[in-house]
Visitor: 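The structure follows.
Index from 1, following the sequence.
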Amino acid sequence: MKKIFLVFYLFIVAFYCYGQKKCGHIEYMNYLYNKNPELKNQHDLLNAKIKEVITKSKKSKNSKISVSEFIYEIPVVVHVIHNNNSGSIGGRNISDAQIYTQINVLNEDFRRLNADTVNTPFMFQSVASDSKIQFCLATLDPNGNPTTGINRVYNRQVSYAIEEETKLK
């Protein structure tokens with residue numbers, strides 16, 4: 001009986017510990033903010049702009065032209081950190097075609113144009129809608145120079161862990 005209890009206890013402890021693993025996004029963003037305070041300012045400015053657009057959209061519902069009729073396009077840069085310069089499928093470098101495909105999938109999801117919208121659970125059907133947000137690869141860098149929107153960086157490191165980054169504080 002003690003062995004069964006011990007196995008059950010270990011299973012519960014292991015399950016509890018596994019469940020405590022969380023997304024490291026907040027910790028990593030705080031690390032980046034501490035490393036570069038200007039990044040925090042830029043993030044706050046972006047959030048303020050987003051709130052401004054939302055507020056204008058709500059106010060314009062009574063006007064003849066609604067902000068919601070427009071699609072907000074967000075230029076993005078895809079950073080590919082790889083350890084293989086050849087770009088081969090076996091390497092850890094992905095093709096431009098894969099990036100374009102993922103941008104298309106992202107846009108389908110945000111615009112609610114994907115084929116599986118019929119599978120939206122009943123409880124979410126009343127709130128599921130086109131966000132009027134679309135992503136595209138950036139054509140200009142922060143300095144105004146032309147770019148493809150794809151930034152490839154070679155690095156020998158094979159894996160990354162948030163614990164390694166936060167220890168650098």
Side-chain angles (χ1 to χ4, degrees), residues 14-57 67-68 70-117 119-120 124 127-169:
F15 183 78
Y16 177 78
C17 291
Y18 179 78
Q20 297 306 304
K21 183 74 175 165
K22 59 182 178 176
C23 173
H25 175 76
I26 300 296
E27 289 85 357
Y28 188 67
M29 289 306 295
N30 287 333
Y31 164 75
L32 292 176
Y33 293 155
N34 287 335
K35 193 174 176 182
N36 182 1
E38 182 57 29
L39 182 65
K40 173 81 169 115
N41 294 337
Q42 290 174 356
H43 190 245
D44 291 343
L45 286 172
L46 177 63
N47 282 334
K49 278 262 195 221
I50 291 170
K51 287 179 184 177
E52 180 184 325
V53 168
I54 291 170
T55 303
K56 284 182 182 178
S57 175
V67 172
S68 65
F70 299 101
I71 297 169
Y72 190 72
E73 194 164 81
I74 301 174
V76 296
V77 175
V78 175
H79 300 275
V80 180
I81 302 172
H82 63 93
N83 65 1
N84 179 333
N85 279 327
S86 69
S88 65
I89 292 175
R92 297 179 188 261
N93 196 349
I94 62 172
S95 69
D96 288 359
Q98 286 176 289
I99 294 170
Y100 301 143
T101 299
Q102 281 309 124
I103 294 287
N104 289 336
V105 168
L106 185 65
N107 285 332
E108 286 177 355
D109 288 340
F110 270 77
R111 299 289 319 281
R112 200 161 194 268
L113 299 172
N114 43 349
D116 67 351
T117 56
N119 297 329
T120 303
F124 299 115
V127 293
S129 66
D130 180 352
S131 68
K132 307 285 188 190
I133 295 173
Q134 192 162 302
F135 301 89
C136 65
L137 290 173
T139 56
L140 295 175
D141 71 10
N143 298 320
N145 299 315
T147 181
T148 63
I150 300 172
N151 180 29
R152 296 180 186 277
V153 178
Y154 174 78
N155 191 329
R156 288 187 219 179
Q157 190 165 340
V158 177
S159 65
Y160 300 87
I162 188 69
E163 292 82 14
E164 293 172 5
E165 291 291 332
T166 55
K167 286 179 188 174
L168 299 175
K169 285 184 182 179

Visitor: Between Pro75 and Ala138, which heavy-atom pair has the shortest distance, and what is it?
Guide: CB-CA, 3.9 Å
Visitor: As an exercise, state the distance from CG of Asn114 to CG of Leu106, rounded to the nearest 0.5 Å.
Guide: 10.5 Å
Visitor: If you round to the nearest 0.5 Å, how far is CD1 of Ile71 from OG of Ser131?
Guide: 9.5 Å
Visitor: Who passes side-chain hydrogen bond (donor to acceptor under 3.5 Å, both in side chains) against Gln134, sequence neighbours left out?
Guide: Arg111
Visitor: Of the non-hydrogen atoms in Gln98 and Ser95, which two are nearest, and what is the gap between them?
Guide: OE1-N, 2.9 Å
Visitor: List the residues meeting side-chain contact (heavy atoms from CB on, under 4.5 Å) with Thr148, not counting sequence neighbours, and say none if there are none.
Guide: Ile150
Visitor: If the test is side-chain contact (heavy atoms from CB on, under 4.5 Å), which one of Leu39, Leu45, Asn47 qualifies with His43?
Guide: Asn47
Visitor: Using the ring pair (Phe, Tyr, Trp, His ring centres under 6.0 Å) criterion, which residues pair with Tyr100? Sequence neighbours excluded.
Guide: none
Visitor: Please list, chain by chain and in numerical order, all residues satisfying side-chain contact (heavy atoms from CB on, under 4.5 Å) with Ile74, sequence neighbours excluded.
Guide: Tyr72, Val76, Ile133, Phe135
Visitor: Going by salt bridge (charged side-chain N to carboxylate O under 4.0 Å, His left out), name the pairs with one or both residues in residues 139-153, residues two or more places apart or in two chains.
Guide: Asp96-Arg152
Visitor: Please name all residues satisfying side-chain hydrogen bond (donor to acceptor under 3.5 Å, both in side chains) with Asn36, sequence neighbours left out, ordered by chain then number.
Guide: none
Visitor: Holding to side-chain hydrogen bond (donor to acceptor under 3.5 Å, both in side chains), I want the full list of residues that pass it with Thr120, two or more places apart in sequence or in another chain.
Guide: Arg112
Visitor: Run the side-chain hydrogen bond (donor to acceptor under 3.5 Å, both in side chains) test against Asp44 and tell me which residues pass, sequence neighbours left out.
Guide: Lys40
Visitor: Just verifying a value: how many Å separate Asp130 CG and Leu113 CG, rounded to the nearest 0.5 Å?
Guide: 6.0 Å
Visitor: Under the salt bridge (charged side-chain N to carboxylate O under 4.0 Å, His left out) test, which residues partner Asp109, sequence neighbours left out?
Guide: none
